[in-house]
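Because the structure is predicted, anything quoted here is derived from the model rather than measured. In this chain, numbering begins with 1 at the start of the sequence shown.
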Amino acid sequence: FDSLPHAYNPENGFVGSANQHSTSPNYPFYYNGFFDHYRGRILNKKLSELNNITTKDMMALQNDSESFLAHDLNPLLIELIDESGFNAMKKSMIQMLRGWDYTFDKSSKAPIVFYSWWQNIYKLTWDEVAAIAEQRAVSRPEGWRTIEMIKTDSASKYFDITTTDEVENAGDIVNLAFEQTYEDLKDKINDQDYDWGKHWPAEVLHLSKLPSLSHPEIPISGFKFALNAIRGNHGPSWRMIVELDDYPRAYGVYPGGQSGNPASKLYD
């Protein structure tokens, strides 16, 4: 028990946990799992910048849609893209990303371009490994490692696991992935009603899974690598903030409620 990760009266005045790996590299014991360092990093950064924190500050923090994935990756993509020969739509897609604040706001189009581009980059980089993984237990490297390769080892052999004669590097993959992203989005990205909320809606299902008692498509700000970790029918469920005054006050919200009773005034 004494060896469990813990913090006692930390000097920075808070403990922040958002599914990140919670110990330093010198922690002597192994533990298994998937660890999301993007949300942990931004949580600790934002907590360290807040002073005289109020319940409203914490509510805003729990609903925050900014992502360090975008902070880490977007500048690299802008640097590596070759815009020569681009048509107006391609240029406008890149311009969206140049002016983006890295928040996955439901009314924004930039997150659609960014995340679609990143998914295509990852797929093109590790498609051969994915084929192997269908026959044996092989894991593809995590996203952060792929981004690190783009940044520090752009000529890595892993960008060229192909049978073609042409040698590919990170820049080639990034540009090829953008062309695929353009093909994926060109027929809808300029639609007035097509935004991140439409592209990445939340889904709150009734316990019965009956559509008539559920909310299948809720346009909402958030992203799986943001503090508001919305992704389809997954995401933060019970949220609670407790103000420890002389008389503690607590605030909580639970999507859909516990009872699933459509007649309840708290159903929505």
Is the number of heavy atoms from other residues, nucleotides or ligands under 6.0 Å of H234 NE2 greater than 12? no
What do you reckon, is CG of N26 surrounded by more than 12 foreign heavy atoms closer than 6.0 Å? yes
Is it true that D105 and T103 share a donor-acceptor pair across their side chains at a distance under 3.5 Å? no
As a quick check of understanding, evaluate side chain to side chain contact (heavy atoms under 4.5 Å, CB included) for Q180 and K123, giving each step before the final call. CA-CA 11 Å; Q180 181 60 57; K123 182 179 179 181; over 6 Å; no
Looking only at heavy atoms, what is the nearest atom pair of D191 and K109, with distance? O-NZ, 2.6 Å
Look only at the side chain of N120 and the backbone of S116, and say whether a donor-acceptor pair between them is shorter than 3.5 Å. yes
Same cluster or not: are L205 and L207 linked, directly or through other Ile, Leu, Val, Met, Phe, Trp or Tyr residues, by side-chain heavy atoms under 4.5 angstrom apart? no
Side chain to side chain contact (heavy atoms under 4.5 Å, CB included) test vs I241 passes for just one of R249, Q62, K56, namely Q62
Any donor-acceptor pair under 3.5 Å from T125 side chain to F159 backbone: no
Could you walk me through whether M93 and T181 pass the side chain to side chain contact (heavy atoms under 4.5 Å, CB included) check? CA-CA 10 Å; M93 290 167 66; T181 301; 4.2 Å; yes
Short side-chain to backbone donor-acceptor contact, S221 and K106, under 3.5 Å: yes
Charged N to carboxylate O below 4.0 Å: is that the case for K151 and E148? no
Other residues, nucleotides, ligands: >12 heavy atoms within 6.0 Å of K186 NZ: yes
Is the gap between the ring centers of W200 and F104 under 6.0 Å? no
If you take all heavy atoms of D64 and E66, which pair is closest and at what distance? OD1-N, 2.9 Å
Gap between atom OH of Y102 and atom CG of L97 - 0.5 Å precision: 9.0 Å
Rounded to the nearest 0.5 Å, what separates atom OG1 in T55 from atom CD1 in I53? 11.0 Å
Taking every non-hydrogen atom, the tightest pair across P141 and T146: O-OG1, 4.3 Å
Between CD1 on residue I147 and CG on residue L73, distance to nearest 0.5 Å: 4.5 Å
For S214 and P216, indicate whether the former's side chain and the latter's backbone hold a donor-acceptor pair under 3.5 Å. no
Honestly, is K90 close enough over Y182, meaning NZ or CZ under 6.0 Å from the six-membered ring centre and within 45° of the axis? yes
N74 and F114: side chain to side chain contact (heavy atoms under 4.5 Å, CB included), yes or no, with the steps? CA-CA 7 Å; N74 194 65; F114 168 79; 3.7 Å; yes
F14 and L50: CA distance, side-chain angles, deciding distance, side chain to side chain contact (heavy atoms under 4.5 Å, CB included) verdict: CA-CA 11 Å; F14 65 84; L50 287 170; over 6 Å; no
Indicate, with yes or no, if V204 and V253 share a hydrophobic cluster defined by side-chain heavy-atom contacts under 4.5 Å among Ile, Leu, Val, Met, Phe, Trp and Tyr. no
Could you report the tightest heavy-atom contact between W196 and G222, atom names first, then the distance? NE1-O, 2.8 Å
Grouping I, L, V, M, F, W and Y whenever their side-chain heavy atoms are under 4.5 Å apart, do V15 and L4 come out in a common cluster? no
In this structure, NZ of K157 is separated from CE of M149 (nearest 0.5 Å) by 10.5 Å
Any chance the side chains of D57 and T54 put a donor and an acceptor closer than 3.5 Å? yes
So, taking the atom named CD1 in I220 and the one named NE2 in H215, what distance separates them when rounded to the nearest 0.5 Å? 12.0 Å
Step through it carefully: locate the ring centre of Y38, locate the ring centre of F223, and say whether they are under 6.0 Å apart. no
Once you round to the nearest 0.5 Å, how far does NZ of K224 lie from CZ of R39? 11.0 Å
Ignoring hydrogens and angles, state whether a donor on the side chain of N175 or E179 is under 3.5 Å from an acceptor on the partner side chain. no
Minimal heavy-atom distance between S154 and N169, with the atoms involved, is O-CB, 3.2 Å
Atom of Q20, atom of G40 and distance for their closest heavy-atom approach: OE1-CA, 3.6 Å
Over 12 foreign heavy atoms within 6.0 Å of CE, M89: yes
For a 4.5 angstrom cut-off between non-hydrogen side-chain atoms, does F178 reach I94? yes
